[in-house]
Every structure is written in C-alpha cells, then in structure tokens.
Amino acid sequence: MEFTIQFVQTPTNDVAHDIVFDKLEQLGEHYSWLIRAKVFFRDVKDSKGKGKICEITLSCPGPQVFASSDEESFEAAAKETIRDLDVQLKKRKDEMQEH
C-alpha cells in the first residue's frame with residue numbers, strides 16, 4: 001500500500017507521522033486489497049472543535065473509505081481516525097465475503 005502523509009500549514013509531528021504509518025501498515029497487512037492511503041493533518045484555530053484534525057482517505061475496490069477526527073493532539077486524532085477506518089473496513093470485508 002502507498003502512503004501520502006501531509007501536514008497542512010502546521011509543523012511536521014514525527015510522533016503522529018510514525019503512529020499513522022505503523023497503524024496503516026497493520027491495516028494494509030490485514031486488508032490486502034487496500035491500495036493507497038492519503039493522510040492530512042490540520043491545525044485549526046476554531047472555538048467549536050479541539051483543533052487537531054486528522055483526515056484519512058483509503059483507496060480500495062469500490063468506493064473510497066474516509067474518516068476524520070478532531071482531538072486535542074495529532075496523536076489522539078490519528079488513533080481515533082484509524083479506529084473509525086478499521087470499523088468501516090470490517091464492514092466492507094463482510095460485504096465482500098457475502099457475494
């Protein structure tokens with residue numbers, strides 16, 4: 001699986017980068033049909049959210065899988081987003097096995 005990890009208008013956070021890379025590698029091993037992952041980290045100065053946003057889009061057979069989370073830190077946002085993706089991928093795998 002190919003990875004693209006970008007920090008948009010914010011300094012690179014090596015810990016968040018490593019967490020996402022490791023977790024996405026694990027997903028790629030578990031779901032061999034994943035093709036590509038695009039990850040965006042954003043720091044939003046907004047009073048409505050917590051400010052650290054992680055967005056991940058996965059390319060795979062069928063529609064793309066997308067998840068996003070807004071947390072206090074990039075690390076927490078990355079972990080939450082990966083958890084959301086894992087739930088979606090389990091559902092997708094179950095749908096693929098029914099056919």
Side-chain angles (χ1 to χ4, degrees):
M1 179 167 54
E2 297 176 31
F3 301 102
T4 304
I5 302 173
Q6 296 180 354
F7 288 82
V8 180
Q9 297 180 345
T10 187
T12 301
N13 182 324
D14 291 333
V15 175
H17 181 279
D18 293 343
I19 288 171
V20 167
F21 187 81
D22 291 341
K23 296 289 186 180
L24 287 176
E25 267 190 338
Q26 291 174 5
L27 284 180
E29 291 171 6
H30 194 260
Y31 305 103
S32 61
W33 35 269
L34 291 175
I35 301 167
R36 182 176 305 111
K38 292 182 183 178
V39 182
F40 295 98
F41 287 100
R42 302 176 199 282
D43 190 4
V44 178
K45 308 287 190 244
D46 187 4
S47 61
K48 295 178 184 175
K50 297 176 183 169
K52 307 293 186 187
I53 298 173
C54 177
E55 299 175 343
I56 302 177
T57 304
L58 297 177
S59 297
C60 53
Q64 292 182 335
V65 179
F66 175 80
S68 175
S69 61
D70 184 2
E71 297 293 334
E72 294 288 336
S73 69
F74 285 130
E75 295 84 0
K79 289 177 182 177
E80 181 65 27
T81 305
I82 298 276
R83 275 193 291 269
D84 293 345
L85 287 172
D86 193 32
V87 170
Q88 292 182 52
L89 291 172
K90 285 178 185 174
K91 289 180 183 178
R92 174 78 58 95
K93 186 176 182 180
D94 290 342
E95 289 173 3
M96 291 171 67
Q97 290 177 348
E98 289 178 4
H99 299 285

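Computation of the quantities below employed the complete heavy-atom set of this structure, encompassing side-chain atoms and omitting hydrogens, waters and symmetry-equivalent molecules.
- Counting heavy atoms from C-beta outward, Phe7 and Val39 have side chains that stay 4.5 Å or more apart.
- The two residues Ala78 and Val20 come nearest to each other via the heavy atoms CB-CG2, 3.4 Å.
- Nearest heavy atoms, Asp84 versus Ser68: OD2-O, 4.2 Å.
- A donor-acceptor contact shorter than 3.5 Å links the side chain of Asp70 to the backbone of Lys50.
- With sequence neighbours excluded, the residues forming a side-chain contact (heavy atoms from CB on, under 4.5 Å) with Phe3 are Met1, Phe21, Leu24, Glu25, Ala37, listed by chain and number.
- Smallest separation of non-hydrogen atoms from Ile82 and Ile56: CD1-CD1, 3.8 Å.
- Look at Asp86 and Lys90 and you find a salt bridge, because one of the NZ, NE, NH1 or NH2 atoms lies within 4.0 Å of a carboxylate O, short of that distance.
- By the criterion of side-chain heavy atoms lying less than 4.5 angstrom apart, applied directly or through intervening Ile, Leu, Val, Met, Phe, Trp or Tyr residues, Ile35 is not grouped with Tyr31; the two fall into different hydrophobic clusters.
- Shortest non-hydrogen contact noted between Thr81 and Cys54 is OG1-O, 3.3 Å.
- Considering only heavy atoms from C-beta on, Asn13 comes within 4.5 Å of Glu75 through its side chain.
- To the nearest 0.5 Å, atoms OG (Ser69) and NZ (Lys79) are separated by 12.0 Å.
- When the side-chain contact (heavy atoms from CB on, under 4.5 Å) test is applied to Asp43, the partners found at least two apart in sequence or on another chain are Thr10, Lys45, Lys52, Phe74.
- For the pair Gln88 (side chain) and Phe66 (backbone), a donor-acceptor distance under 3.5 Å is present.
- Applying the side-chain contact (heavy atoms from CB on, under 4.5 Å) test to Lys91 and every residue at least two apart in sequence or in another chain returns Val87.
- The distance from the CD atom of Glu55 to the NZ atom of Lys38 is 12.5 Å, given to the nearest 0.5 Å.
- Nearest approach of Val65 to Cys60, heavy atoms of both residues: CG2-SG, 3.8 Å.
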Original post:
Where do Arg36 and Glu2 land on the salt bridge (Lys or Arg N to Asp or Glu O under 4.0 Å) test, with the steps shown first?
Top reply: CA-CA 5 Å; Arg36 182 176 305 111; Glu2 297 176 31; 3.6 Å; yes
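- There is a path of hydrophobic side-chain contacts, each under 4.5 Å, that joins Leu85 to Phe41.
- Listed by chain and residue number, nothing satisfies the side chain to side chain donor-acceptor pair (under 3.5 Å) test with Arg92 (two or more places apart in sequence, or in another chain).
- Think of Val8 as one node in a network of Ile, Leu, Val, Met, Phe, Trp and Tyr side chains linked at under 4.5 Å; its network also takes in Phe40.
- Residues forming a side-chain contact (heavy atoms from CB on, under 4.5 Å) with Ala76 (at least two apart in sequence, or on another chain): Glu71, Ser73.
- Interatomic distance, Ile5 CD1 to His17 NE2, rounded to the nearest 0.5 Å: 4.0 Å.
- In this structure, Lys93 and His30 have side chains that are in contact, with non-hydrogen atoms separated by less than 4.5 Å.
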